[in-house]
Enquirer: 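What follows is a single structure, and I will ask about it in a moment.
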2 protein chains.
Amino acid sequence: MTAKKNVISIVIVEDFKLTRVGLRCALNANVDLEVVAESDNAVDGLKLIEKYKPDVVLMDLGLPTMNGIEAMTKIREFSKDIKIIALTSHDRQEEVVAALSSGANAYCLKDIDPEKLAEVIRDVSIGVCWLDPVIANLALNSIPKVDDAALVGVSSANHVKIPLTERENEVLKHLVEGKSNTEIAKELIVSVHTAKAHVCSILQKMCVNDRVQAAVKAVKEGMV
Amino acid sequence: MTAKKNVISIVIVEDFKLTRVGLRCALNANVDLEVVAESDNAVDGLKLIEKYKPDVVLMDLGLPTMNGIEAMTKIREFSKDIKIIALTSHDRQEEVVAALSSGANAYCLKDIDPEKLAEVIRDVSIGVCWLDPVIANLALNSIPKVDDAALVGVSSANHVKIPLTERENEVLKHLVEGKSNTEIAKELIVSVHTAKAHVCSILQKMCVNDRVQAAVKAVKEGMV
DNA sequence: AATTCTATTAGACAGAAGGGTAATATTCTC
DNA sequence: GAGAATATTACCCTTCTGTCTAATAGAATT
């Protein structure tokens, strides 16, 4: 896999030079880790990765031109063996699931302890999936959709899509955002009576008793 | 959470006595880990878990009467803080996804190195998600299907755990189920005024305007 | 011992929710 | 063209929400 045995080769893709230098120093302090190349952008990073075929890639998600998620997808196009660790700061957690589904093997926040990062790299290099606590909470919540079928053991027909009209879907969207009937009416430029009428039929079609249940159901079943 | 500080309390649920003893010995060799209880079946295991409220549960998935996945679901019904490590010798994908979506925080094969397991327990106790290589391969493959929908769902950025009191968490749980203040009051055997008071403070703590927003936020952030 | 946090209850009040019924206009299908 | 589904508006009425103020009591902390 790499030139030397028992040494994990690493490519870093990260736009902030300081962070990049910090990572390299911290990692090269470990005899079993070796940063073989680094880049401040995804385009060059991809070339380096193709060239060096490292064991592990540290990929920043907040890159300028091409974002980290696209880059990961491209890496996966030519190799499934290269392990990817997605790096991010706390305020960019929206892309968690996207990153994981694009092929990231691990997800770390940038404030991770350097020694811990080394440990994670070792784990990931042998195929472990490692998710930072903050991320794990979000990621694990995105899986439940399959559990109903999986628990039963039979891959039965999953959740039945509830047939709402276009207008009702609009209303439902606002409803999930916690808006009142009055607010919904204003948004859709209709009277409160209309908004209430739509909410009523939504409740009936979704077989729930009130808007809270409708909102929860909508979120859980990904209707919004 | 536990008696001593800095010590991670553990409950083991595993049907093979030999494995159980092995686990206990291996783990208790670490000063920061303490096996507080163990069981050879899920029913007793659940009781022990409710009693000791450990930081981490090691749950075998191939249990006789109640299987580990059901057991995990039940654990999740009364606590979201207890971390669960699923242990197994199997590597069937259906089981993996089911285990993860039932609330497992980590997934280890039984041939894991004891020292590594200790390390995983430390990680998991602070919220890390850790998946064995064999498992990770399967699990990550099951995510892509949901990424589009999930991306929209996971929109909230700053994910700080909102500190609700025990009672408030109970109320929130009922609230998410769409129950009215009156119904919540009946469930908790308190007056409607009390229920309303709790709901009020929940709304304030969660920084939302009404129960719908609270419910949606709770679901999206996995507070229930 | 004093203070803070939590749980509990109460009364009152404006506003919102949800159900029922009903009418009108538009659009799409048969 | 007739009929069905959808969108719109209106009124009435009961119940529920969310906020306020206020008080009591136990537990935990300092």
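Chain identifiers are assigned alphabetically (A, B, ...) following the order of the sequence lines, protein sequences preceding nucleic acid strands; residue numbering begins at 1 within each chain.
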Enquirer: How close do B:Arg20 and B:Asp40 get, counting heavy atoms only, and between which atoms?
Expert: NH1-CB, 3.2 Å
Enquirer: Grab the CD1-C1' distance between A:Ile202 and D:dT6 for me, whole Å please.
Expert: 13 Å
Enquirer: Can you tell me if A:Thr165 touches the phosphate of D:dA5, counting only side-chain N or O atoms and a distance under 4.0 Å to OP1 or OP2?
Expert: no
Enquirer: Please give, in whole Å, the distance from C:dA16 P to A:Asp210 CG?
Expert: 18 Å
Enquirer: Which heavy atom of A:Ala106 sits nearest to which heavy atom of A:Val124, and what is that distance?
Expert: CB-CG2, 3.5 Å
Enquirer: Please give, in whole Å, the distance from D:dG18 C1' to B:His198 NE2?
Expert: 16 Å
Enquirer: If I take atom NZ from residue B:Lys83 and atom CD1 from residue B:Ile75, how far apart are they, to the nearest 0.5 angstrom?
Expert: 13.0 Å
Enquirer: Assess whether a salt bridge exists between B:Lys17 and B:Glu38, defined as any Lys/Arg side-chain N lying under 4.0 Å from an Asp/Glu carboxylate O.
Expert: no
Enquirer: Of all of residues 177-195 of chain A, which get a heavy atom below 4.0 angstrom from DNA chain C, listed by number?
Expert: A:Ser180, A:Asn181
Enquirer: Starting at atom CD of B:Gln204, determine the distance to atom C1' of D:dC20, rounded to an integer number of angstrom.
Expert: 11 Å
Enquirer: How far apart are the closest heavy atoms of B:Ile121 and B:Ile85, and which atoms are they?
Expert: CG1-CD1, 3.7 Å
Enquirer: Nearest-Å distance, CD (B:Glu170) to P (C:dT6)?
Expert: 15 Å
Enquirer: Looking at B:Lys47 and B:Glu50, is any side-chain nitrogen of the basic one under 4.0 Å from a carboxylate oxygen of the acidic one?
Expert: no
Enquirer: What is the distance, rounded to the nearest whole Å, between atom CD of A:Gln213 and atom P of D:dT17?
Expert: 11 Å
Enquirer: Atom NZ of B:Lys196 and atom C1' of D:dT17: how far apart are they, to the nearest Å?
Expert: 6 Å
Enquirer: Mind calculating the distance between CZ (B:Arg211) and P (C:dA17) to the nearest angstrom?
Expert: 12 Å
